[in-house]
There are 2 protein chains.
Amino acid sequence: MGGASEPRSECPINAAVEAFGDRWSLIVLRDIVFGDRRYFRELQTNSIEGIASNILADRLKRLVASGLLTREDARPGQRARYSLTEPAIQLVPVFVQLGSWGIRHRPTSSALNAPAVLLEQGGPALWREFMDELRREHLGSELLARSPSVRERLNAAYLAAADSS
Amino acid sequence: MGGASEPRSECPINAAVEAFGDRWSLIVLRDIVFGDRRYFRELQTNSIEGIASNILADRLKRLVASGLLTREDARPGQRARYSLTEPAIQLVPVFVQLGSWGIRHRPTSSALNAPAVLLEQGGPALWREFMDELRREHLGSELLARSPSVRERLNAAYLAAADSS
DNA sequence: ACGAGCGGTTGCAAAACACAAGCGGAAGGG
DNA sequence: CCCTTCCGCTTGTGTTTTGCAACCGCTCGT
């Protein structure tokens, strides 16, 4: 379980696939990035896809091992918080493109689309703002300014779309 | 085997994960898009990750079933050509972001990086040009202009990087 | 008739996945 | 103290997917 076992190739796309190319890793990361879930139970019980606890435990371990998440302490029996690392935060553009593609080419819910639409329309400037926000929340320095956050706007778009549907 | 079995959710990101979120689908598509491989044996024997023939057969079937590829005829014993569909061509921005991420955050080969770097620097204008090129090659209308193609430039970049390493 | 090339299939073992149940530690209340 | 609740998982079971190697029927050029 310990180690990265020989990459299949040195292709950057293959590297990405090896890091999170399975049916759950991106879903977990999505819930942390967009859903602001940072604890095991939160991730499990609020999962719309219904992830099983053993799979979640395994993915969290792997994502920590591969440097996409960090796990903050917690002695047994206590809440352990997961945080995004800089590499994980830089997945935002990947998520945006995946979301844009999904909206265009698969049947999806307009409510769940709303955040993706907003990010697409906001363009790279909005992505960067969101990434800065994630850095503030996940990489120390939890202080700093408070204007309506990008995630709050994304959630507002979701709720508005959910209400009207 | 026939049908799309109930999506786990209507989230656009989940839709993308369900369509090609496994260890091989994106690799196969990458080889078709960037490597210009359109036949089974080409895909199998030139695969740098070494895909097994049964996995390749299964992925091609699935990608056809989910509308990302088309398979042109071929009675048994004859070459069957696979072509990208419009949804698959629109994965180019996804590939670009995955490649950018891989370069930045994983150990990769500078030769295999070169095309990704070029696409990143070229920006959306170059992506669109490449997508138009793919449309010409894969969606009928195989005619039209001939300036040095984007893929040729990507390959040139790869070869240059491979030589000097 | 023959060999090479074509797109696969088959069998088998190992790994990953899904589902349900349970577990030891910690925290809160009576 | 005891009891309940919540915490992050682990365990056990059966099913599905993967990886590896061998093999198959067909067609085409010679």
Side-chain angles (χ1 to χ4, degrees), chain A residues 1-9 14 17-28 31-32 35 37-66 69-83, chain B residues 1-9 14 17-28 31-32 35 37-66 69-83:
Chain A
M1 181 115 29
S5 54
E6 285 300 286
R8 303 182 291 191
S9 79
N14 178 66
V17 168
E18 294 203 354
F20 47 79
D22 66 82
R23 292 178 64 76
W24 289 110
S25 297
L26 275 179
I27 300 296
V28 171
D31 285 350
I32 299 177
R37 286 165 207 151
R38 307 193 53 175
Y39 301 94
F40 190 98
R41 278 296 220 275
E42 259 178 4
L43 285 163
Q44 196 200 333
T45 63
N46 298 335
S47 162
I48 54 176
E49 284 88 11
I51 191 169
S53 61
N54 55 347
I55 306 287
L56 174 58
D58 179 73
R59 288 307 177 278
L60 289 170
K61 260 183 210 160
R62 280 200 218 187
L63 291 169
V64 168
S66 66
L69 294 178
T70 54
R71 189 194 132 116
E72 285 153 39
D73 129 294
R75 3 178 220 305
Q78 214 147 351
R79 274 158 78 88
R81 190 168 68 151
Y82 291 91
S83 299
Chain B
M1 180 107 38
S5 54
E6 287 298 288
R8 302 183 291 192
S9 80
N14 178 65
V17 168
E18 294 203 353
F20 46 81
D22 65 83
R23 290 177 64 75
W24 289 109
S25 298
L26 276 179
I27 299 297
V28 171
D31 286 349
I32 299 177
R37 288 167 205 150
R38 306 193 53 175
Y39 301 94
F40 190 97
R41 278 295 220 276
E42 259 178 4
L43 285 163
Q44 196 200 336
T45 63
N46 298 335
S47 162
I48 54 177
E49 285 88 11
I51 190 170
S53 61
N54 57 344
I55 306 285
L56 175 57
D58 178 73
R59 288 307 177 276
L60 289 171
K61 260 182 209 160
R62 279 199 219 187
L63 291 169
V64 168
S66 66
L69 294 178
T70 55
R71 190 194 130 118
E72 284 153 39
D73 126 296
R75 6 179 218 308
Q78 213 147 350
R79 273 157 80 89
R81 190 168 68 151
Y82 291 91
S83 299

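Note on naming: letters A, B, ... go to the chains in the order of the sequence lines (proteins, then strands), and numbering restarts at 1 for each one. From a predicted model like this one, the values you see are computed outputs, not experimental measurements.
- A:S9 pairs by the side-chain hydrogen bond (donor to acceptor under 3.5 Å, both in side chains) definition with A:N14, B:E49, not counting sequence neighbours.
- Taking the side-chain hydrogen bond (donor to acceptor under 3.5 Å, both in side chains) definition, one finds that B:S25 meets it with B:D22, sequence neighbours left out.
- Contacts of B:S47 classified as side-chain hydrogen bond (donor to acceptor under 3.5 Å, both in side chains), with partners at least two apart in sequence or in another chain: none.
- For A:R37, the side chain to side chain contact (heavy atoms under 4.5 Å, CB included) partners two or more places apart in sequence, or in a different chain, are A:D31, A:E42, A:L43, A:N46.
- Among the candidates B:T70, B:L69, B:I32, the single residue satisfying the side chain to side chain contact (heavy atoms under 4.5 Å, CB included) test with B:S83 is B:T70.
- Nucleic acid contact class of B:R59 (heavy atoms, under 4.0 Å, all strands): sugar-phosphate only.
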Can you name the atoms? Protein N/O to nucleotides 7-9 of chain C N/O, anything below 3.5 Å, with the distance.
unit_1	atom_1	unit_2	atom_2	d
C:dG7	OP1	B:F40	N	3.2
C:dG7	OP2	B:R41	N	2.9
C:dG7	O3'	B:R71	NH1	3.3
C:dG7	N7	B:R41	NH1	2.3
C:dG8	OP1	B:R71	NH1	2.7
C:dG8	OP2	B:R71	NH1	2.5
C:dG8	OP2	B:Y82	OH	2.3
C:dT9	OP1	B:K61	NZ	3.2
C:dT9	OP2	B:K61	NZ	3.3
C:dT9	O4	B:S53	OG	2.8

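- A:I51 places its CD1 atom 16 Å from the C1' atom of C:dA20, with the value rounded to the nearest Å.
- Here B:A57 pairs with B:F40 under the side chain to side chain contact (heavy atoms under 4.5 Å, CB included) rule; sequence neighbours left out.
- Nucleotides of DNA chain D with any atom under 4.0 Å from a heavy atom of chain B span, from 5' to 3', D:dT18 to D:dC28.
- When all heavy atoms are compared, the tightest approach of B:R8 to A:R23 is NH2-O, 2.9 Å.
- Closest of all the heavy-atom pairs between A:R38 and A:E72 is NH2-OE2, 4.0 Å.
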